[in-house]
Novice: 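Take a look at the following structure, please.
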Amino acid sequence: MSKNTMDDMDRIFTWEQMRLIAVSIFSPILGYLTPTKGFVYALVIMFAFNIWAGMRADGVAIVRCKNFSFRKFKNSLCELFLYLFIVEVIFGIMLNCGDEEAAIIVVKSLTYVFMYVYLQNAFRNLILAYPSNVALRVIYHVIRFEFMRALPSHIQPIIERIEREHGADKEQTAEKKEET
């Protein structure tokens, strides 16, 4: 065989070994996580929604990675892994104590709390991304159980303030277009 063929074989062999090692590591982990996989999926979905809303609030342009903060993304990912770790540790401890049914209830409760935090943060970011969208503000206040702020009597001043601010912005934009 030629030298190039041997190098290709070494690369393939190394890649195959790495793949087998990864499968050997992750298979038992996934087997252990199976009872809580629905909770893990739910947290990952809420994490993704929160990240998307945060990117909208920061004005991130995915095409050019404009305004993307790797530090914020890394911190969010660490937070997700912390949540997942907490859920799995508590589930594992309770399962080893023989309380499988109670463990699922506790893990469900924790997952709902973590998802609530993600949902609340996502809607706060969406309000920053879309300041003139009143529906997002109402949903945000309902999520936070601030029902009084979601009532029309509290929403009307917000609507008026937004209309004044955006009306002034539109007038300034129109004036700049006329000047050029």
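Just so you know, these numbers come straight off a predicted model, no measurement behind them.
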Novice: Sequence neighbours excluded, which residues qualify as salt bridge (charged side-chain N to carboxylate O under 4.0 Å, His left out) partners of Asp58?
Specialist: Lys72

Novice: Is the number of heavy atoms from other residues, nucleotides or ligands within 6.0 Å of CD (Gln120) greater than 12?
Specialist: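 More than 12 heavy atoms, drawn from other residues, nucleotides or ligands, come within 6.0 Å of this atom.
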
Novice: Are Val40 and Glu88 packed together at the side-chain level, in the sense that at least one heavy-atom pair is separated by less than 4.5 angstrom?
Specialist: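 SC-SC contact between Val40 and Glu88 confirmed.
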
Novice: Spell out, as yes or no, whether a donor-acceptor pair under 3.5 Å connects the side chain of Tyr116 to the backbone of Ile143.
Specialist: yes

Novice: Could you give the distance from CE (Met46) to OG1 (Thr111), rounded to the nearest 0.5 Å?
Specialist: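 That separation rounds to 12.0 Å.
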
Novice: Measure the spacing between CD1 of Ile127 and NE2 of His141 and express it to the nearest 0.5 Å.
Specialist: 6.0 Å

Novice: Start with the C-alpha distance between Leu80 and Leu43, add both sets of side-chain angles, then the distance that settles side chain to side chain contact (heavy atoms under 4.5 Å, CB included), and finish with yes or no.
Specialist: CA-CA 8 Å; Leu80 172 68; Leu43 276 177; 4.3 Å; yes

Novice: Is the gap between the ring centers of Tyr83 and Tyr118 under 6.0 Å?
Specialist: yes

Novice: Flag yes if Phe85 and Ile93 sit in one hydrophobic cluster, no otherwise; membership is Ile, Leu, Val, Met, Phe, Trp, Tyr, and two members link when side-chain heavy atoms are under 4.5 Å apart.
Specialist: yes

Novice: If I compare all heavy atoms of Ala122 with all of Ala53, which pair ends up nearest, and what's the gap?
Specialist: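 It is O-CB, 3.3 Å.
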
Novice: Can you check side chain to side chain contact (heavy atoms under 4.5 Å, CB included) on Tyr140 and Leu126, steps first, answer last?
Specialist: CA-CA 9 Å; Tyr140 175 71; Leu126 287 174; over 6 Å; no

Novice: With clusters defined by side-chain heavy atoms of hydrophobic residues (ILVMFWY) lying less than 4.5 Å apart, directly or transitively, does Val113 cluster with Ile45?
Specialist: no

Novice: Can Glu79 and Asn75 be said to form a side chain to side chain contact (heavy atoms under 4.5 Å, CB included), step by step?
Specialist: CA-CA 6 Å; Glu79 182 180 274; Asn75 290 343; over 6 Å; no

Novice: Side chain to side chain contact (heavy atoms under 4.5 Å, CB included) between Phe123 and Leu119: does it pass, once the steps are laid out?
Specialist: CA-CA 6 Å; Phe123 272 93; Leu119 188 67; 3.6 Å; yes

Novice: Between CG of Leu136 and CG of Leu128, what distance do you get to the nearest 0.5 Å?
Specialist: 11.0 Å

Novice: Examine Tyr112 and Ile105 and state if one hydrophobic cluster contains both, with Ile, Leu, Val, Met, Phe, Trp and Tyr joined whenever side-chain heavy atoms are less than 4.5 Å apart.
Specialist: no

Novice: How long is the straight-line distance from CD of Glu101 back to CE of Met94, given to the nearest 0.5 Å?
Specialist: 11.0 Å

Novice: I need the minimum non-hydrogen distance between Asn125 and Gly54, along with the two atoms involved.
Specialist: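 Between these two residues, the closest heavy atoms are ND2-CA, 3.5 Å.
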
Novice: Just verifying a value: how many Å separate Asn133 CG and Ile139 CD1, rounded to the nearest 0.5 Å?
Specialist: 8.0 Å

Novice: Once you round to the nearest 0.5 Å, how far does CZ of Phe91 lie from CG of Asn96?
Specialist: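 Answer for the CZ-CG pair, Phe91 versus Asn96, is 9.5 Å.
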
